[in-house]
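Have a look at the structure below before the remarks.
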2 protein chains.
Amino acid sequence: MGLDERLEDAIHEHGGRMTEQRRVVLETLASLNSHPTAAELYEIVREKLPDISQGTVYRNLKRLKELGYVQELDYGPGASHFDARVEPHYHVRCLECGRVADLEIERRPAPCIEEARRAAGEWVISGHRVEFVGICPKCRGTETEQRDREGS
Amino acid sequence: MGLDERLEDAIHEHGGRMTEQRRVVLETLASLNSHPTAAELYEIVREKLPDISQGTVYRNLKRLKELGYVQELDYGPGASHFDARVEPHYHVRCLECGRVADLEIERRPAPCIEEARRAAGEWVISGHRVEFVGICPKCRGTETEQRDREGS
DNA sequence: ATAGATGCAAAAACTTTGCGAAGCC
DNA sequence: GGCTTCGCAAAGTTTTTGCATCTAT
């Protein structure tokens with residue numbers, strides 16, 4: 001009933017194999033409440049698997065995403081962030097440092113999706129995404145310090 | 001009263017200068033209803049200014065964005081897309097090829113932004129973004145052809 | 001046994017930047 | 001004339017990939 005068994009089945013169904021690396025990548029991502037970039041996740045995973053390569057982390061994130069076990073949050077400049085919570089939920093992104101966090105509020109149904117479908121013509125609209133943006137506590141602190149230093 | 005004059009004023013106010021390259025980058029972007037990546041825009045701009053460099057296109061897009069004349073749409077994997085329509089409006093993004101298009105529907109007020117602020121704790125929430133996702137007509141065609149070829 | 005995954009490293013894709021020359025104000 | 005921007009090219013980031021080896025099934 002654990003995540004591993006469901007994942008293992010899903011992997012096998014698509015002709016894939018369950019490797020230590022794949023399991024640890026997903027387990028590690030799932031254990032975080034932050035939403036790291038691939039490079040950040042690589043560093044964390046290396047604590048458990050020192051010899052894993054960046055390529056493997058990228059390949060597994062891609063595979064897990066295709067299987068629906070991970071979502072990619074590629075809003076904002078710089079690297080994509082990854083999230084093992086795949087049921088729709090809202091995020092906040094820091095405009096300053098790019099950090100992404102969950103927002104614990106109930107998700108609303110898609111606004112005006114029927115109107116969007118009508119306006120989209122021949123496009124097939126499958127969903128929508130909402131992202132809040134702002135400044136995270138850490139960067140707000142830094143900004144304040146900067147203002148203080150500059151004396152304005 | 002044209003875009004150029006307002007832009008020129010805005011540029012000057014910030015100690016900048018109005019160059020041919022800067023004007024053409026913005027004019028070209030504004031003349032498209034597509035939302036090209038920097039590289040795509042570079043190719044189009046080169047028809048008018050064959051000697052312009054990629055660096056100049058990137059630098060100007062960055063500057064014009066800071067001045068609020070361009071918005072950056074960096075949803076999705078791969079390169080950022082740019083849009084000279086800066087008043088808020090909805091986009092659709094193709095999950096297949098990454099193409100971005102406008103959606104001509106009226107924008108709703110921010111959903112539950114007060115709730116988001118409460119849930120965000122110490123974050124300062126300044127806004128939100130909504131993006132519809134789906135499959136564009138071109139990729140839908142390709143998918144159909146593929147399905148036909150595979151006979152499934 | 002064998003197809004799929006890995007580690008390594010090189011390449012590709014995307015963006016920024018240093019520098020000397022050129023151009024806007 | 002002075003300070004910004006330019007073109008060029010190199011470097012920085014982020015992601016993908018080729019290949020020989022290894023491993024889960």
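Chain letters run A, B, ... following the sequence lines, proteins first, then strands; residues in each count from 1.
For Leu64(B) and dT4(D), the CG to C1' distance is 14 Å, given to the nearest whole Å. For the pair Glu72(B) CD and dT16(C) P, the interatomic distance rounds to 8 Å; values are reported in whole Å. Here the P atom of nucleotide dT15(D) and the OH atom of Tyr42(A) are 14 Å apart, to the nearest Å. Going from atom CG of Leu61(A) over to atom C1' of dA5(C) covers 15 Å, rounded to whole Å. Per the geometry, CD belonging to Glu66(B) stands 14 Å off P belonging to dT4(D), to the nearest Å. In this structure, NE2 of His14(A) is placed 16 Å from P of dT25(D), rounded to the nearest angstrom.
Applying the salt bridge (Lys or Arg N to Asp or Glu O under 4.0 Å) criterion to Glu66(A), with sequence neighbours excluded, gives no partner residue. Residues satisfying the side-chain contact (heavy atoms from CB on, under 4.5 Å) test with Val133(A), not counting sequence neighbours, are Leu95(A), Ser126(B), Arg129(B). Considering only residues two or more places apart in sequence or on other chains, Glu43(B) meets the side-chain contact (heavy atoms from CB on, under 4.5 Å) condition with Arg46(B). Residues passing the ring pair (Phe, Tyr, Trp, His ring centres under 6.0 Å) test with His89(A), sequence neighbours excluded: His91(A).
The only member of Arg118(B), Glu114(B), Arg117(B) that meets side-chain contact (heavy atoms from CB on, under 4.5 Å) when paired with Ile125(B) is Arg117(B).
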I need a per-nucleotide contact map over nucleotides 5-14 of chain D, read 5' to 3'. Cutoff is protein heavy atoms under 4.0 Å; write B for the base, S for backbone only, - otherwise. SSBB-----S
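Residue pairs satisfying the ring-ring contact (aromatic ring centres under 6.0 Å, His included) criterion with at least one member in residues 37-58 of chain B, sequence neighbours excluded, are absent.
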